[in-house]
Amino acid sequence: MGKSFQKFIIAFIIANLISCSRDLLKEADKLFEENKLTQALKYYEKYIRYSKETQQKEHAFYRIGLISAKIGDCKKSKRFFELLIKNFPNSKYIEEANFRLLRCPNYFYSEYKNLVYGDSETHGKNAKEEITYTYKDFKKMKFISKIYSGKK
């Protein structure tokens, strides 16, 4: 075998690995969008393990941190948000990563725009609070809180 053939084989293997890693990321994103979080997590982890593409790892670190927080694995979530902050200091996810690094599980930053809380005994008939978020990002949030008590 000549050296040019060996170089061809090496280039072919590298190209194949890059293609496979992109497929892993596409599948992970698809599963994430379908809310199949534990399956998506496995694909993102495989992507990070096998991929040499640095830019897309930022996205994978973010998604692993996000999924881990959603399923209650705060230790793992914090580890991946720390990796994101360390390796991608100019990331578009940096504010959220800093926020989520400190708050896991996140009881303060709801993904919903409207929330209703009621007292536990009467399930909101005796007292309830309605919260409507009018603005929120990872630095500040504005909301309207309405508290009802009694019959009216």
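- Atoms CD1 and CG, from Ile71 and Leu37 in turn, are 7.5 Å apart once rounded to the nearest 0.5 Å.
- Atom NZ of Lys42 is separated from atom CD1 of Ile67 by 12.0 Å, given to the nearest 0.5 angstrom.
- Atom OH of residue Tyr43 and atom CG of residue Asp23 lie 10.0 Å apart, to the nearest 0.5 angstrom.
- Formation of a donor-acceptor pair under 3.5 Å by the Ser68 side chain with backbone atoms of Asp73 is not found in this model.
- For Ser77 against Gly65, the heavy-atom pair with the smallest separation is OG-O, 2.9 Å.
- Among all heavy-atom pairs drawn from Ala40 and Leu31, the shortest one is CB-CB, 3.7 Å.
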**Request:** Before giving the answer on side-chain contact (heavy atoms from CB on, under 4.5 Å), spell out for Phe88 and Leu83 the whole-Å C-alpha distance, their side-chain angles and the decisive distance to 0.1 Å.
**Result:** CA-CA 8 Å; Phe88 303 97; Leu83 285 169; over 6 Å; no
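- Here the CZ atom belonging to Arg100 is positioned 5.5 Å from the CZ atom belonging to Phe81, to the nearest 0.5 angstrom.
- Distance CD1/Ile147 to CD1/Ile131: 8.5 Å, rounded to 0.5 Å.
- Asn114 has its side chain out of reach of Glu130: every pair of non-hydrogen atoms, C-beta onward, lies at least 4.5 Å apart.
- Side-chain contact check for Tyr47 and Glu27: no donor-acceptor pair (N or O, by modelled atom type) lies under 3.5 Å.
- Ring geometry for His59 against Tyr93 counts as tilted: the plane angle lies between 30° and 60°, on a 0 to 90° scale.
- Looking at every heavy atom in both residues, Glu96 comes nearest to Leu66 through OE2-CD1, 3.8 Å.
- Tyr50 and Ile64 fall within the same hydrophobic cluster, where Ile, Leu, Val, Met, Phe, Trp and Tyr residues are linked whenever their side-chain heavy atoms come under 4.5 Å apart, directly or through other members.
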**Item:** salt bridge (Lys or Arg N to Asp or Glu O under 4.0 Å) between Arg63 and Glu33, intermediate numbers included
**Value:** CA-CA 11 Å; Arg63 286 281 174 94; Glu33 296 304 321; 3.5 Å; yes
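- Note: Tyr44 and Phe32 have perpendicular aromatic rings, judged against thresholds of 30 and 60 degrees for the angle between ring planes.
- Side-chain atoms of Lys46 do not come within 3.5 Å of backbone N or O of Ala28 as any donor-acceptor pair.
- Contact of the Leu84 side chain with the Ser91 side chain is registered, since non-hydrogen atoms from C-beta on lie closer than 4.5 Å.
- Summarising the geometry, atom CD belonging to Glu82 is positioned 11.5 Å from atom CG belonging to Asn87; distances are rounded to the nearest 0.5 Å.
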